[in-house]
Amino acid sequence: MKKYISPSNNLKNLNLIINSDTYKLAHEDIGLLRRNEMRGVRMLLEITKPDLILEENKILSTIIIFGGATITEESNIKKRIENIEELIKKNHKSILLKRNLNRLENLLLMSHYYQSAREFSKLASISNQNKNCNSHVIVTGGGPGIMEAANRGAFEANCKSIGLNISLPNEQIPNSFITPGLCFKFNYFALRKIHFVMRSVAAVFFPGGFGTLDELFELLTLCQTGMKTKIPIILFGREYWNRIINFEYLADLGLIEDEHLNLFQYADTASEAWKIIKSSKSQPRKIQADLITNVKED
């Protein structure tokens with residue numbers, strides 16, 4: 001017997017069809033794009049999207065600035081010290097509070113690096129940007145601390161700067177000094193690294209932790225192996241870096257060549273770092289997608 005289909009049931013079924021995920025255009029189907037099988041598509045998008053936008057903004061070359069997210073302005077750290085000192089007065093036996101106070105006092109001693117990053121960014125930006133092209137554009141990880149200082153220096157010089165943020169379990173909010181439209185959010189660390197390096201003509205490493213060290217050795221390895229044209233790699237703060245890494249010992253052991261000690265230089269002032277870069281003739285060269293390594297699972 002033929003099934004009777006009422007007009008209302010027919011309309012209901014049509015709505016179900018139109019509103020189903022299968023009827024969406026593939027690029028509008030978020031559920032599809034989030035599937036494990038679509039990881040390659042997501043990676044391609046993360047490579048292509050920033051590249052297109054940077055090209056449209058005539059970004060010819062960049063200077064990478066890395067450094068600790070916890071190194072902030074002197075006034076900010078002093079206020080935090082005052083707050084924790086008040087807590088210690090109420091709980092003078094707390095080992096944790098005293099440990100945190102000691103850490104803040106150490107960060108206070110390093111707060112001058114915030115100002116140096118800010119000053120360097122102004123120097124690098126102000127003479128290399130105009131309405132027709134933008135070279136030596138500051139690029140950071142887009143977060144707080146030294147990253148904020150670097151974006152801030154360019155902002156105060158009325159120049160563009162870039163932020164390459166990353167999706168983390170503890171969400172990192174972009175600092176407010178990045179140029180709107182030039183702040184990108186990544187899911188894959190590896191693809192973020194590519195965009196750090198591909199237009200870079202120099203890199204300045206301020207004191208920092210695991211992330212800073214990771215990026216330093218990544219870039220040194222690319223230059224050591226010839227996968228990246230040699231560029232000025234500047235370790236800002238000779239005393240800090242000499243205490244953190246004994247490069248000479250690596251060479252003495254035969255683990256790196258003596259010539260590899262020439263892959264980086266030291267600077268202690270913004271003007272000194274900028275002088276090193278100005279005297280360099282390095283040009284940007286895009287690294288290829290086959291450098292993608294250590295892709296994080298999502």
Side-chain angles (χ1 to χ4, degrees), residues 60-74 106-129 134-141 145-162 177 196-197 199-209 211-213 215-220 222-224 228-248 251 258-284:
L60 302 180
S61 62
T62 60
I63 296 176
I64 312 166
I65 297 186
F66 289 114
T70 56
I71 299 177
T72 60
E73 284 187 285
E74 180 181 352
N106 287 330
L107 286 173
L108 181 61
L109 294 175
M110 292 194 292
S111 62
H112 63 92
Y113 289 117
Y114 182 97
Q115 183 57 33
S116 293
R118 186 174 165 189
E119 182 183 347
F120 171 81
S121 183
K122 286 182 183 179
L123 285 174
S125 301
I126 202 162
S127 59
N128 290 289
Q129 296 188 31
N134 301 280
S135 67
H136 297 72
V137 179
I138 297 299
V139 57
T140 78
I146 294 297
M147 296 174 281
E148 176 190 283
N151 290 122
R152 182 175 178 177
F155 178 86
E156 291 170 342
N158 293 315
C159 293
K160 295 180 179 179
S161 73
I162 303 164
F177 299 104
F196 268 127
V197 173
R199 287 179 172 80
S200 62
V201 290
V204 185
F205 289 84
F206 287 81
T212 301
L213 294 171
E215 300 293 354
L216 171 61
F217 283 107
E218 185 91 27
L219 187 52
L220 286 173
L222 288 174
C223 291
Q224 179 196 45
K228 167 72 176 174
T229 303
K230 185 179 178 181
I231 63 173
I233 298 174
I234 300 169
L235 305 184
F236 200 102
R238 181 187 292 268
E239 181 182 356
Y240 170 84
W241 288 108
N242 281 341
R243 293 188 66 179
I244 295 297
I245 308 169
N246 192 336
F247 289 104
E248 287 75 14
D258 288 337
E259 65 188 56
H260 296 150
L261 297 175
N262 297 324
L263 290 174
F264 57 88
Q265 301 177 68
Y266 295 97
D268 287 305
T269 65
S271 58
E272 185 180 359
W274 179 231
K275 184 177 179 181
I276 292 171
I277 294 172
K278 282 200 302 181
S279 64
S280 169
K281 297 181 180 179
S282 62
Q283 296 296 325

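Below, all heavy atoms of this structure are taken into account, side chains as well, without hydrogens, waters or symmetry copies.
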Should H136 and W274 count as side-chain neighbours, where that means a heavy-atom distance under 4.5 Å?
yes
Considering non-hydrogen atoms only, spot the tightest contact between I71 and P207 and give its length.
CD1-O, 3.4 Å
May I have all residue pairs that pass salt bridge (charged side-chain N to carboxylate O under 4.0 Å, His left out) and include part of residues 145-160, sequence neighbours excluded?
E73-R152, R118-E156, K122-E156, R152-E156
Any idea which heavy atoms bring D258 and A251 closest together, and the distance?
OD1-CB, 3.6 Å
Check against side chain to side chain contact (heavy atoms under 4.5 Å, CB included), N262 and K230
CA-CA 10 Å; N262 297 324; K230 185 179 178 181; 4.3 Å; yes
Compare all side-chain heavy atoms of S200 with those of V139 and state whether any distance is below 4.5 angstrom.
no
Are the aromatic rings of F66 and F196 close, with centres under 6.0 Å apart?
yes
Might you confirm whether atom CZ of F177 has over 12 heavy atoms from other residues, nucleotides or ligands at distances under 6.0 Å?
yes
Got L108 and E74 here, is their nearest side-chain heavy-atom distance under 4.5 Å?
yes
If you count heavy atoms of other groups shown closer than 6.0 angstrom to CG of L263, is the number above 12?
yes
CD1/I64 to CD1/I234 distance, rounded to the nearest 0.5 angstrom?
11.5 Å
Which pair of heavy atoms, one from I276 and one from A267, lies closest together, and at what distance?
CD1-CB, 4.4 Å
I need the R199 CZ to T62 OG1 distance, nearest 0.5 Å.
8.0 Å
Do you know which two heavy atoms are closest between A203 and I231, and how far apart they sit?
N-CD1, 4.3 Å
Any non-hydrogen side-chain atom of V204 less than 4.5 Å from a side-chain atom of I277?
yes
Just how far is it from atom CG of L60 to atom CG of N134, taken to the nearest 0.5 Å?
7.0 Å
Check: L219 and F264 side chains under 4.5 Å, non-hydrogen atoms
no
Side chains of F236 and I146 in contact at under 4.5 Å (non-hydrogen atoms)
no
T229 to C223 - nearest heavy-atom pair and separation:
O-SG, 4.2 Å
Give the ring-plane orientation class for F217 versus F247, where under 30° counts as parallel, over 60° as perpendicular and anything between as tilted.
tilted
Short question: side chain of D268, backbone of R238 - any donor-acceptor pair under 3.5 Å?
yes
Are any non-hydrogen side-chain atoms of T212 and F206 less than 4.5 angstrom apart?
no
Under a 3.5 Å distance rule, please check whether S121 uses its side chain to pair with a backbone N or O of A154 as donor and acceptor.
yes
Point-to-point distance, once rounded to the nearest 0.5 Å, from CG of N246 to CD1 of I244
11.5 Å
Here the gap from S279 atom OG to Q265 atom CD, rounded to the nearest 0.5 Å, amounts to 7.0 Å
Looking at CD of E215 and CG of L220, how far apart are the two atoms once the value is rounded to the nearest 0.5 Å?
11.5 Å
With sequence neighbours excluded, tell me which residues meet ring-ring contact (aromatic ring centres under 6.0 Å, His included) with F120.
none
Might you work through the side chain to side chain contact (heavy atoms under 4.5 Å, CB included) test for V201 and S280, ending with a clear yes or no?
CA-CA 9 Å; V201 290; S280 169; over 6 Å; no
Test side chain to side chain contact (heavy atoms under 4.5 Å, CB included) on I233 and L216; report intermediate values, then the result.
CA-CA 9 Å; I233 298 174; L216 171 61; 4.1 Å; yes
